[in-house]
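Letters go in sequence order (proteins before strands), and every chain restarts at 1.
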Amino acid sequence: MASKRKAAGASGRPSKRVASGVSTPVSIDSDDDYDSDSVDTDEDLSIGPNSAAPRKFDKVVDKYTPSAYVKKNTKAVHDVADSLFRADRDFSDLQLKPDHRLRPLWLDHIKGRVVLETFSPSFKQAQNFLINIAEPQSRTNNMHEYTITAHSLFAAVSVGLTEQDIVRQLELFSKTRLPESIIEYVHKVTRSFGKVRLVLKHNRYFVESNDASVLQMLLRDPVIAGCRVEETAELLTEKATKMGSLVIPGTKEAQGNKEAQARLEQQQQQKRQRHDNSDSESDDEFGGREAEKDMTEFLREEDDDDDEVDQVHSFEIDGGKIQTVQEHCNVQLELPLTEEYDFRADEQNATLDIDLKPATQIRYYQEHALSKMFGNGRARSGIIVLPCGAGKTLVGITAACTEKKSVIVLCTSATSAGQWRAEFIKWSNINPDDVIIFTSSEKGRVPNRACIIVCTYSMVTQNTRRAYDSQQTMDQITGREWGLMVLDEVHVVPAEMFRRVTERIKTHSKLGLTATLLREDDKIKDLNFLIGPKLYEANWLQLSEEGHIARVQCAEVWCPMTMEFHTEYIRAGTTNKRSLLSIMNPRKFQACQFLIDFHERRGDKIIVFSDNVYALKQYAEGLKKPYIFGDTGQRERDLVLQNFQFNDAVSTIFLSKIGDTSLDLPEATCLIQISSHYGSRRQEAQRLGRILRAKRRNDEGFNAFFYSLVSKDTMEMYYSSKRQAFLVDQGYAFKVITHLNGIDSMPDLRFAQQDERMTLLTDVLLQSETAGDEEKIVDDLFSDRATFRKAGTGGRKGAGVKRQAGTLASLAGGEDMAYLEYQRGSRSNKELAKPKSAFFAKEARDRERRKKAQRDMLE
DNA sequence: TAATGCGAAA
DNA sequence: TATCTTTCGCATTA
């Protein structure tokens, strides 16, 4: 009975997206009528790699784990093509269900791979389900590919899906009968989850379980044993802290702690109010409260099942080695440690006086995300993914208001730290004195009472010697227990340095927030053990259809290379030179000019991004627009941004990658990208995020625009497609524009004449030459001064040197290639002949000129 | 308090 | 198929 209800609740929740969004309702017959004998499973469905797979931990998790096996043996055993073909053959061997056309999934039992047809009538439902239980691998136009892994199932279970839910829905969507091997795998994996917990108690970490045998087994593993704090050979055994006595929403069961109960009821009351407020217009069937109740019941039953004995067993592990233990459990043993914080029962740590302001309403998806975190009345660690502008900060703040314990917030920049503090004060009734910023420029003192600390990752992870006062503060931070750690931009955490936060700061729960759970290395999966499973991921397209973020038209503009540029591109030896040539392609410049003109007429606010600083300056100065890059002083930055925001005459600004993260940008409605960082999907998404906040987003027919300018027949084409992958996954469609109508008749079109283009080309060629020689020139010129940073590590002076290079180009006259070649050889001597003071004078003049030009534009 | 050096990230 | 430059924050120095 109960199980039926919980199944319905749990499986129903994801489909709310469908109900309120974009779907075409489709009905598929229930799978029950499939005869389990209709396919001969014995031979076809046996798991190939499994027999050879190393069995380290058979009793806890029987290794199906094709992924683990393949990972270890890929080089030796498989080649990709081979395995693809094998997979294909396997599909064809399986017998299709009669109505397979209605069902969108192909299941590959060899690798736990799932292929989803996007054109299927039940695509949406299937996708919403798959996102919960599997990791997206690739999502192209017609096919999406997912992998079912131990992590992904862990996340699914964490979020409240049961084994039955998973199997039932897989069967429902599958074109073929569900392979036994997959059923078996889901069974084994889900059954072992939640048995072992990582618990922080009185500043010490324990691995805890109700089942002593599981712990004994863990301790037989040398890695785990090595991380143990040896006090006794025995396990510690104590009375279970009454799990049942945790106050559970909607029950009268709370015993023992009246204060906790009172707190709880108050909390529930607020939750309900918020819930009613935010969800009142939509039907409530799948709402957070229902879901929460279901999950709570589900978890309680689980506990009841397991808790025959009311004893828990544990062993202590070295606090510095929790990462090792977690990683090992996750990756090698595939037995992720559960991290849940029973904050209501925690009387050790002081309560923080914080609540959302009464008028504050959170949006339904924020509620959803949080209900996954607090679903069972405890705080489970994990990651919430929301697009930029969708209110990540408020999610973090609401989490803090729910737990009401000391909070530590980590962010990437000092600016963002300030914003977090401001938001806390804006949305909650927290005493501003209790929100302390800890960055290098602002070192608040940590009080002994419960409080909120906002700091930067680098402040906490710093390894070199610290200033005296920051050491003081750090000691206070590491010396105490925190209730909640909020990790903003959590995708940075796997970085070598930043991942240390998880072992340095002792916290009972962790909430990771990000818009783009992406890295170009393969470390993103480390977040599974560093933080926890992905609890919730919003669908960008759905949020924009609902008006929470702006609708965006994306386009890739293909700009043919001019003949001369292409010739040089082919000739160029270094990738550096090549990329500069593609960026500076005159046709691209023209496209940029045209688009800016077009959108300025429409009244758009335009941001142009260029990763390459030389190109940034050339474009911006050529088009007489203000620009900001790393060297730009704070004053000038503010001036430009202010004007962009309030001055109608300034509709376009140019930004280097400074605009990706570290600038608090006013809203824009159009975005043009002329150069970017290789195939970084994160950067692409982050940039797109810059136009999602647009206030006009709810205007009838409003669209924001996102253009990527790409030079044809260059590497840019390749990178561009890579970069778009994430957004395509989110459902964005990139239009390809090969010709901009009216561009040829545009007045004042730059580089329309051959000689202009040649001048540009010589400039570019010289620039790309000097960029590489920079170090040499600098050393030659100023070997007695240590003021210049070495080239290659970049630096604030570096750009100054490049500006010098630009001057050289004009010296060269630029019309004659042969002259250029000659010039290159003799340049250093020529420069050396110049007195240094002249160089600096020139530098200063140059800077003045630039500043003045900017100011003029901003008038 | 502004400039500089350094290490790290993407 | 790996790439490399730009940027940041923190600490120190004058």
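Of all heavy-atom pairs spanning A:Pro494 and A:Val490, the tightest one is CD-O, 3.7 Å.
In summary, the side chains of A:Glu684 and A:Gln673 do present a donor paired with an acceptor at a separation below 3.5 Å, with no hydrogens or angles considered.
Straight-line distance from the CZ atom of A:Arg682 to the P atom of B:dA10: 7 Å, rounded to whole Å.
Nucleic acid contact for A:Arg635: none, since no nucleic acid atom lies under 4.0 Å from a heavy atom of the residue. Counting any heavy atom pair closer than 4.0 Å across all strands shown, A:Asp660 reaches no nucleic acid atom. Counting any heavy atom pair closer than 4.0 Å across all strands shown, A:Gln683 reaches no nucleic acid atom. Within the nucleic acid shown, A:Lys443 comes within 4.0 Å of sugar-phosphate atoms alone, with no base atom in reach, counting heavy atoms only. Using a 4.0 Å heavy-atom distance criterion, A:Ser662 is classed as a sugar-phosphate-only contact. The residue A:Ser579 sits apart from the nucleic acid: no heavy atom pair falls under 4.0 Å. Within the nucleic acid shown, A:Tyr718 comes within 4.0 Å of at least one base atom, counting heavy atoms only.
Taking the side chain of A:Ser458 as heavy atoms from C-beta on, and the options C:dA11, C:dT3, C:dC10, the nearest nucleotide is C:dC10. Closest to the side chain of A:Ser440, from the set C:dC4, C:dT7, C:dA11, is C:dA11. For A:Ser656, the listed nucleotide lying nearest its side chain is C:dT6; candidates were C:dA11, C:dC4, C:dT6.
If you find the closest nucleotide of DNA chain C to A:Thr412 and to A:Tyr719, the one lying nearer the 5' end belongs to A:Tyr719.
Remark: A:Asn576 is in phosphate contact with C:dT5, judged by side-chain N or O atoms under 4.0 Å from OP1 or OP2.
A:Asn528 places a side-chain N or O within 3.5 Å of a backbone atom of A:Lys525 that can act as its donor or acceptor partner.
Look at A:Glu667 and A:Lys605 and you find no salt bridge, because none of the NZ, NE, NH1 or NH2 atoms lies under 4.0 Å from a carboxylate O.
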